[in-house]
Each structure stands twice: as C-alpha cells, then as structure tokens.
Amino acid sequence: DEALLGFEARRRFTVGLVCVAGLIGLANLALTPVLDRLSLGLIAAFLLVVGVRDLQQAGRSRSQLLRLASEARVDPLTRIGNRRALTEDIAEPADEPTSVLVVDLDQFKAVNDLIGHSTGDAVLRRAAEVLTRLVGPRIVYRIGGDEFTAIVRSSPQQAEQLAQQLVIEIPASVAEIPGVAILHVGASIGVSHLHEPTTDAINAAIMQSGHALRAAKDAAEAAESAKS
C-alpha cells in the first residue's frame, strides 16, 4: 500500500512538472526572439516526452504492484484464497448471519505416500474446485496442508446443508482421479455458527470448527476400525 501511494505521489508530481514546464514555455515564447523560442520549444518538448515516459513507467509499476498484492492473497496450487486473504477478509464487517466451515481431507496422507505428491496436488485442486462451485470463489480459503475454510453468509440451516453436500461431493469428485478411489479419500467438516460476525467471533468460530472437525475425524476413524 505504501509503495502504491509512493507511485501515485510520483505520478502527480510528474503531471505537475509537465504542466509547469508547459506554462513557462508558453509564457516565454511570447516574450523572446524566434531563436530563443525554438530553444524553449525544444526544451518543453523534451520535458513533455520525459514526463509522458515517466507516467507510463509509473503506471506499469503500479499495475505490477497491484498484481503482486493480488497474488499474495492466492494459494498458488489451488488458486483460491490463502490464510492471508482469510485474515484480511474476516476483518470486513458483516451484518448477515455467518457460519464457518473447516474442511479436512481424510486419507490425504495415504495419497501422498502411496501414489505420489503430484496426485496429492490433484486431490487438493479438485477439492478446491468443489468448494468453489458449491460455496463461492471469494469465501473459500486453503489455510494449510489439506485443510480449507469457508466463511458462509447464510442461515445455520443452509450452512449445515452445505456441509452435508460437501461431505458427499468432495469424495465423489476426488475419486475420479486415477488411483484415488481405492484409498477412499473423504472429507470431514466442522461447522460453527455466529450471531455477531465480528473478527474476534470469526476467529473463535474457526477454532471451534477445528475442534468439531477433529471430533468428526475421530468418530470416522473409530467407525472404520470397528468395521475392520
């Protein structure tokens, strides 16, 4: 942000410099002989060219900074928001009902260990695609490893229905990746609902959803052990 402000100040200074140079040139052209007018005209033209070039460079640099700032909020593998984006977005006030979903992939470590990390990356991308399709691209985040978070602006009932849908659709979509179906990759989800979606409340809800997620995973593992 400071760099962008610096470029904006530089741009305005350059515009001012060009305008002043032009006014000085016009004023002197009316008061000087022909040869001096030619010299002043050349100087004014030179300043104008330099000023335009500087403005173009500042514009390109500003665009590059904006692109870098945007990329800093994006997870490079899945192309959804990262932890930084989550931190910044939850700081924005909201007046509507809010729920927090924390999603973790079951058996993901087995995918990496038995099939390979490239397949593991494909699983993460596929899970992100399902989340983006069902929840929305601007409120889904990968916060590390195989863990995702979604900030859902809807009623608790709708959030619960969404979580149930994700539990079904993420494994079904991931199973389409060659070699993955046999490992039975699933999705465990912890859900927490907020009455007042402040930054502190959302952070607390993320932790609460994480606890609910771990409880769901423990229950799933216990059920799987009972079957075997």
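- Shown here are the salt bridge (Lys or Arg N to Asp or Glu O under 4.0 Å) partners of R153, two or more places apart in sequence or in another chain: there are none.
- Shown here for N112 and G120, the closest heavy-atom pair between the two residues is OD1-CA, 3.4 Å.
- Annotation: side-chain hydrogen bond (donor to acceptor under 3.5 Å, both in side chains) contacts of S192 (sequence neighbours excluded): Q208.
- Residues passing the side-chain hydrogen bond (donor to acceptor under 3.5 Å, both in side chains) test with Q165 are E169, sequence neighbours excluded.
- Of all heavy-atom pairs between A159 and S154, the closest is N-OG, 3.9 Å.
- Note that CG of L86 is 11.5 Å distant from CD1 of I139, once rounded to the nearest 0.5 Å.
- Residue H193 holds its NE2 atom at 8.5 Å from OG of S209, rounded to the nearest 0.5 Å.
- At a cut-off of 3.5 Å, with distance as the only test, no side-chain donor of E129 or T132 sits close to an acceptor on the other residue.
- By the 4.5 Å heavy-atom criterion applied to side chains, D121 and T78 are not counted as neighbours.
- Atom CG of D75 sits about 14.0 Å away from atom CZ of R84, to the nearest 0.5 Å.
- Residues L77 and V103 share a single hydrophobic cluster, defined by chaining ILVMFWY side chains whose heavy atoms lie under 4.5 Å apart.
- The two residues A187 and D106 make their nearest non-hydrogen contact at N-OD2, 3.6 Å.
- Criterion: ILVMFWY side-chain heavy atoms under 4.5 Å apart, direct or through other members. Under it, I143 and V140 are not part of a common hydrophobic cluster.
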Worked check of side chain to side chain contact (heavy atoms under 4.5 Å, CB included) between V123 and L105: CA-CA 9 Å; V123 167; L105 301 181; 3.8 Å; yes

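- Taking 4.5 Å as the limit, some side-chain heavy atom of I177 sits within range of a side-chain heavy atom of T119.
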Stepwise side chain to side chain contact (heavy atoms under 4.5 Å, CB included) test for L166 and I189: CA-CA 8 Å; L166 288 169; I189 302 180; 3.5 Å; yes

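- Between Y141 and I151 the shortest side-chain heavy-atom distance falls below 4.5 Å.
- Atoms OG1 and CD1, on T98 and I90 in that order, are 11.0 Å from each other to the nearest 0.5 Å.
- Rounded to the nearest 0.5 angstrom, S188 OG and I170 CD1 are separated by 10.0 Å.
- The shortest side-chain heavy-atom distance between L124 and F108 falls under the 4.5 Å cut-off.
- Residues V174 and V111 form no side-chain contact, since every pair of their non-hydrogen atoms from C-beta on lies 4.5 Å or further apart.
- Looking at R133, its side chain never comes within 3.5 Å of a backbone N or O of G136 through a donor-acceptor pair.
- In this view, D113 and K109 satisfy the salt bridge (Lys or Arg N to Asp or Glu O under 4.0 Å) rule, not counting sequence neighbours.
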Side chain to side chain contact (heavy atoms under 4.5 Å, CB included) assessment of I206 paired with I202: CA-CA 6 Å; I206 292 173; I202 293 178; 4.1 Å; yes

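- A donor-acceptor distance shorter than 3.5 angstrom exists from the side chain of N82 to the backbone of A72, with no hydrogens or angles considered.
- Considering CG of L162 and OG of S99, their distance stands at 9.5 Å, rounded to 0.5 Å.
- Linking ILVMFWY residues whenever their side-chain heavy atoms come closer than 4.5 Å, directly or via other members, places F148 and V180 in the same cluster.
- For D104, the salt bridge (Lys or Arg N to Asp or Glu O under 4.0 Å) partners are K217, not counting sequence neighbours.
- Closest of all the heavy-atom pairs between A205 and L194 is CB-CD1, 3.5 Å.
- One finds a salt bridge joining E88 and R73 here, because a Lys/Arg side-chain nitrogen approaches an Asp/Glu carboxylate oxygen to under 4.0 Å.
- Evaluation of the salt bridge (Lys or Arg N to Asp or Glu O under 4.0 Å) rule for E176 yields R126 as partners, not counting sequence neighbours.
- By the neighbour-count criterion of 12 heavy atoms within 6.0 Å, atom CZ of R125 is densely surrounded, having more than that number from other residues, nucleotides or ligands.
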Steps toward side chain to side chain contact (heavy atoms under 4.5 Å, CB included) verdict (V152, Q158): CA-CA 9 Å; V152 181; Q158 290 173 318; over 6 Å; no

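- Between V185 and P171, every side-chain heavy-atom pair lies at or beyond the 4.5 Å cut-off.
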